[in-house]
A.B. asks: 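Input: one structure, supplied below.
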Amino acid sequence: MQFDPILIERLIQHDDLAFAQFYEQSADVFFRYIMTHYSLSEQECYDILSDVYLKIRQNIDKYDEKYTFWQYVRTILKNH
């Protein structure tokens, strides 16, 4: 999954509109990733998805730009 570098920069700057845009662009993909890789109910997947977005938002300052943003997000998804 590719993310716009400008959007990523805005996320790092804690731009609320950028986070809303990021959510709209990625929520379905992330939800399907969780459903595909884990044997959980739909509600459990939504709960995890909510937690993942919270972790992304709270820890965006820890994003290391030598990796792709998708690698950063996927690591959070897998570790949660």
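No hydrogens, no waters, no symmetry mates; every other heavy atom, side chains included, goes into these values.
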A.B. asks: Could you check Arg10 against Asp16 for salt bridge (charged side-chain N to carboxylate O under 4.0 Å, His left out), going step by step and ending with a plain yes or no?
C.D. replies: CA-CA 9 Å; Arg10 289 175 51 211; Asp16 291 336; over 6 Å; no
A.B. asks: Thr75: which residues meet the side chain to side chain donor-acceptor pair (under 3.5 Å) condition with it, sequence neighbours left out?
C.D. replies: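 Thr75: no side chain to side chain donor-acceptor pair (under 3.5 Å) contacts found.
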A.B. asks: Take Thr68 and Gln2 through the test side chain to side chain contact (heavy atoms under 4.5 Å, CB included) and record every step on the way to the result.
C.D. replies: CA-CA 9 Å; Thr68 67; Gln2 296 287 339; over 6 Å; no
A.B. asks: Which heavy atom of Cys45 sits nearest to which heavy atom of Leu40, and what is that distance?
C.D. replies: SG-CB, 3.9 Å
A.B. asks: Partners of Gln58 by side chain to side chain donor-acceptor pair (under 3.5 Å), sequence neighbours excluded?
C.D. replies: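 Counting only residues at least two positions away or on another chain, Gln58 forms no side chain to side chain donor-acceptor pair (under 3.5 Å).
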A.B. asks: Answer with yes or no after comparing the ring centroid distance for Tyr67 and Tyr72 against a 6.0 Å cut-off, counting only values under it.
C.D. replies: no
A.B. asks: Rounded to the nearest 0.5 Å, what's the gap from CZ on Arg74 to NE2 on His37? Could you check?
C.D. replies: 8.0 Å
A.B. asks: With side chain to side chain contact (heavy atoms under 4.5 Å, CB included) as the test, would you mind laying out the steps for Gln71 and Lys66 before giving the verdict?
C.D. replies: CA-CA 10 Å; Gln71 288 173 311; Lys66 70 180 177 183; over 6 Å; no
A.B. asks: Give a yes or no on whether Tyr23 and Ile8 share a hydrophobic cluster (residues Ile, Leu, Val, Met, Phe, Trp, Tyr; joining criterion: side-chain heavy atoms under 4.5 Å apart).
C.D. replies: yes
A.B. asks: Distance from Ile6 atom CD1 to Asp15 atom CG, nearest 0.5 Å?
C.D. replies: 12.0 Å
A.B. asks: With rounding to the nearest 0.5 Å, note down the distance linking OH in Tyr38 to CD1 in Ile48.
C.D. replies: 8.0 Å
A.B. asks: Nearest 0.5 Å, please: how far is CG in Leu77 from CG in Leu49?
C.D. replies: 8.0 Å
A.B. asks: Specify the closest pair of heavy atoms between Ile76 and Ile56, including all atoms of both residues, with the distance to one decimal.
C.D. replies: CD1-CG1, 3.7 Å
A.B. asks: Do Leu7 and Gln25 make a side-chain contact, defined as non-hydrogen atoms from C-beta onward lying under 4.5 Å apart?
C.D. replies: yes
A.B. asks: Let me check something: any side-chain donor-acceptor pairs from residues 29-36 under 3.5 Å, sequence neighbours excluded? List them with distances.
C.D. replies:
{"residue": "Arg32", "atom": "NE", "partner": "Asp28", "partner atom": "O", "Å": "3.4"}
{"residue": "Arg32", "atom": "NE", "partner": "Asp28", "partner atom": "OD2", "Å": "3.1"}
{"residue": "Arg32", "atom": "NH2", "partner": "Asp28", "partner atom": "OD2", "Å": "3.2"}
{"residue": "Thr36", "atom": "OG1", "partner": "Arg32", "partner atom": "O", "Å": "2.7"}

A.B. asks: Are Val73 and Phe22 close enough, and set up right, to give a side chain to side chain contact (heavy atoms under 4.5 Å, CB included), and what steps lead you there?
C.D. replies: CA-CA 12 Å; Val73 170; Phe22 168 68; 4.2 Å; yes
A.B. asks: Work out which heavy atom in Tyr63 is nearest to a heavy atom in Phe69; give both atom names and the distance.
C.D. replies: OH-N, 3.3 Å
A.B. asks: Apply the test side chain to side chain contact (heavy atoms under 4.5 Å, CB included) to residues Arg57 and Phe19: give CA-CA distance (whole Å), side-chain angles for both, the deciding distance (0.1 Å), then the verdict.
C.D. replies: CA-CA 8 Å; Arg57 187 171 188 127; Phe19 193 80; 3.1 Å; yes
A.B. asks: To the nearest 0.5 Å, what is the distance between CD1 (Ile12) and NZ (Lys62)?
C.D. replies: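 These two atoms lie 14.5 Å from each other.
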A.B. asks: Can you measure from OG (Ser50) to NZ (Lys55) and round to the nearest 0.5 angstrom?
C.D. replies: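 Going from the OG atom of Ser50 to the NZ atom of Lys55 covers 11.5 Å.
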